[in-house]
Amino acid sequence: MSLSFSVGKSSRFGPRTGTVSLLRTGTSISINTPALMVATSRGVVPHLGRDQYKRTSALRWISVPFESFLENSPPIPTLQPGSNPLHTFLGFNPSQNLVVMTLRDPADPSETPANGNDYVSASTARGMKKITPAQWRNHVHACVPDIVVALPDIPWTSPPFSQKRITKSIERTATWLANLLAPAPHPLNILVHMAGGISEPARRAFTDSLTETLYGKEAEAVHPHKCLDDGVVGYVFDLVPLRKAMESSPDDARDNQEETVALLKASLLSARPNKLRVVNSPASPHEILRLIRDVGVDVFDAKWAQDAAQIGIALDFVFPVPSEAAKGKQRDLGHNLYRTDYAHDFSSFADSLQDCSCGACAPLAPQTVISHSAIDAHVPATSAPAPYTRAYVHHLLQTHEMSAHSLLIMHNLAVLDTFFANVRGVLERGEDLNAHVDRFATEYDETLRVMDEGRSMWKDVDFARGKGRLARERAAAED
Amino acid sequence: MAQFELLARCPTTRARVSRLTLAHGTTMLPTFMPVATQAAIKGLTPQQVESLGVTLILNNTYHLNLRPGTKVLSEAGGAHKFQGWNKNLLTDSGGFQLVSLSKFTTITEEGALFESPFTGEPTMLTPEESISIQHAIGGDIIMQLDDVVPSLSPDHARVEEAMERSVRWLDRCITRHNASGKQDRQNLFAIVQGGLDLELRDRCLTQMLERKDQVAGFAIGGLSGGEEKDVFWRIISRCTEKLPEDRPRYSMGIGFAEDLLVCVALGIDMADCVFPTRTARFGVALTPHGPVNLRLAKYANDFGPIDPECPCPTCAEGTSRAMLHGTMTKETTAATAVTIHNITYQARLMGDARNAILNGTFPNYLKTFFATYFGDVGYPEWCVNALRSVGVDLLEGGEVKVVSGSGAKWE
Ligand SMILES: [Zn+2]
Ligand SMILES: [Zn+2]
């Protein structure tokens, strides 16, 4: 199982397209970048069934935070028999799905007890668990993911962090990477988390520790690699801890967006340009576009779009913005289907993507229907099923029916997947990305008001069920 | 009007196989109808439900009338289009939910008077109103409004009054339905009442059979309210004995495997229950060996599927008990995966019954089912009695324990 990344125009910073290829016995998976990566919770894509995995074409690259499995010892997936145990256990298709195994959920901002010199604190449903680099290595070799993120030392105690703590973080992250690089029967495809927090010098120092040539015992430990960087396929940037640290910093004048770009660049300045760059937890397509344009990031997780589905938002945006559209008021990135405005709206989810091919906008009649007796005769429908409507999903959300979220997640992933395909199109055609990004920022609201509104209405329905609720709804509908 | 053709009869029991053709296709009977209370079967899309071989589902009128309401449903072109379900659909009358969900419901001759959950105002659900709402929903089968009394009610006079009133309300439903011009697409079923009293059931049957030409089928109501199982089957048996051969028979609120098969043996064609979908949400998967509670620690390391023989997507995709154990109650997909399995289990149980009746092997099918399902804990006595009454002796040629009470199996 070997992974390669070929990147077209490998200038150090700036937009680029590439292809990730995974060769596995009998199959190969090829993913064009920039691309999305689907987030999971307890190893499942929330609200999406296994039969729906197959029909969700956006589901190629999957990130599996492993910490929830630490509540059992040994973790259950490590006991799964057969080849491709992690794929098998979680129901991902080895010939279609590229699975990344990482310890922590990169989107979880909660504080944890401090890490130690030889362990990371991980969060499980049964409390915090300590996990050592040696245990991580064992779990990874038992699970056989396609890609593994080496154990990083990201401080999850309360920021700001002292220089001493940052230095420790850099050293431990490098040491723990070396541990994973030690010779093994099956070589791993490894991503390394770029340490250094919000200090540019610290981030540069971490990259130097990756690229410096090793000698003696240190070199033996990672043989045949000459330096740590030789053993990794790419770099990971988690934005949640960076945002947390920036927010706690006393300097009000700073621009977090600009600073994020500067921090990522600091890490990449002396790194090899032809390695994969993966970002977790971008907040919006605006941020994704900036990180593609200014840094040259290749892969982004889709957590924000998945979260949007969780709170009733059907995404509705397109890139590039058609030139005739950029007039008038800024538009929302999607529709908050909790709003009673949608109760009578029988249109499909997105106006801007009329040909959305997701399982909600273009549902397929079942390809196979189980026959339960000799006289059962399935008569296929003469026409394709109609698209699901905003009115139906509004009803499902109001009545707390979970299929609302299944439909929305299929749609939101498809919208985001189309977005990335169009970004690649713009780059491949050599169009002016900068102008497109500016037009996108003018057209669509980046503050995600619609998400805040959806979140509060989701909470109302989720937590305030009970007496008087229908009356409140009626009052809201009449407003 | 519905087309109902009898295809085969079990030479021993009263079980039969038939084909029911409605405006949205054909449904083979006997069948189990999953319940889509709010126009959705928990967590599933209609395409998923259809792929499981389900051709007839149930929507609850009470709930759909509250939300989204008949205005939205009419705008959508009916509940089929609203929820994207293009197979057959049955709606209940809304009466049962009124009585069980609303504390202040009072029944008068005019209808059921209840407190509106929206405004708190007194609101009346009349037989005519129930039919009109069901017309707006557009179900292929609609149910008369009946006067429902809890099956354990000790008030005999009230049970008798409710039975007589249900007959009068049936007439009002027939009048409204026949005036609607919707009889070609929607089919009205009568509901036999009369509590646990065989004599009252007889009187109800006599009166309702006089109206046979005005109704497409008959349901047996007023059961599944905690009555003794030995009483339950006798009421079902008395009704199916007298109900006409050429109309489908629907036993309301039945969902346990043994209840379904006993009812089929007594001549029932249709049944519905929230049990298989509700129990799935609590992590209980139905299998030929009895229910499996996936939350139990013993399944944490079990890498087998729920049932290796099961054709449902959950089992066929290899979802392990261990995976379901680890995500149950934490991720909605676990409940959905078990819901898919449980609906398939019910459909298979009934499909296998159809095959057995067609092949003339239904008594054997019953024996095999009970041996596999109850062999380890003992057969419920009421099942033994009920099946004996239609010529099947479960105890014949074997040393099996018999247990009194409901005997329902649980894990
Ligand atoms: Zn869509
Ligand atoms: Zn199954």
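Throughout, protein chains are lettered first and strands after them, A, B, ... in sequence-line order, and every chain is numbered starting at 1.
- Every residue two or more places apart in sequence or in another chain that forms a side-chain contact (heavy atoms from CB on, under 4.5 Å) with A:Asp376 is listed here: A:Ser371, A:His372, A:Ser373, B:Met28, B:Arg354.
- Scanning both residues, B:Ile306 and B:Ala285, for their nearest heavy atoms gives CG2-CB, 3.5 Å.
- For chain B, the nearby parts of A:Tyr392 are the backbone and the side chain; heavy atoms of each come within less than 4.5 Å.
- Contact count against chain B (heavy-atom pairs under 4.5 Å) is highest for A:His378 among A:Glu71, A:His405, A:His394, A:His378.
- Residue contact with chain B, scored on non-hydrogen atoms closer than 4.5 Å, involves the backbone and the side chain of A:Leu79 alike.
- For A:Gln367, no part sits under 4.5 Å from any heavy atom of chain B, backbone or side chain.
- Of the two parts of A:Leu407, only the side chain, counted from C-beta on, holds a non-hydrogen atom closer than 4.5 Å to a non-hydrogen atom of chain B.
- Contact annotation for A:Ala374: both backbone and side-chain heavy atoms come within less than 4.5 Å of a heavy atom of chain B.
- When heavy atoms are compared at a cutoff of 4.5 Å, A:Gln80 approaches chain B by way of both its backbone and its side chain.
- Neither the backbone nor the side chain of A:Tyr53 comes within contact range of chain B; no heavy atoms are under 4.5 Å apart.
- The most heavy-atom pairs under 4.5 Å with chain B, out of A:Ser403, A:Pro46, A:Gly91, A:Gly82, come from A:Ser403.
- Relative ring orientation between B:His24 and B:His80 is described as parallel, the plane-to-plane angle staying below 30° on a 0-90° scale split at 30° and 60°.
- Proximity of the aromatic rings of A:Tyr388 and A:His411 is defined here by a centroid distance below 6.0 angstrom, and this criterion is not met.
- Residue with the most contacts toward chain B among A:Ser41, A:Pro81, A:Ala386: A:Ser41 (heavy-atom pairs, distance under 4.5 Å).
- Here A:Asp301 does not pair with A:Lys303 in a salt bridge; the nearest charged N to carboxylate O distance is not below 4.0 Å.
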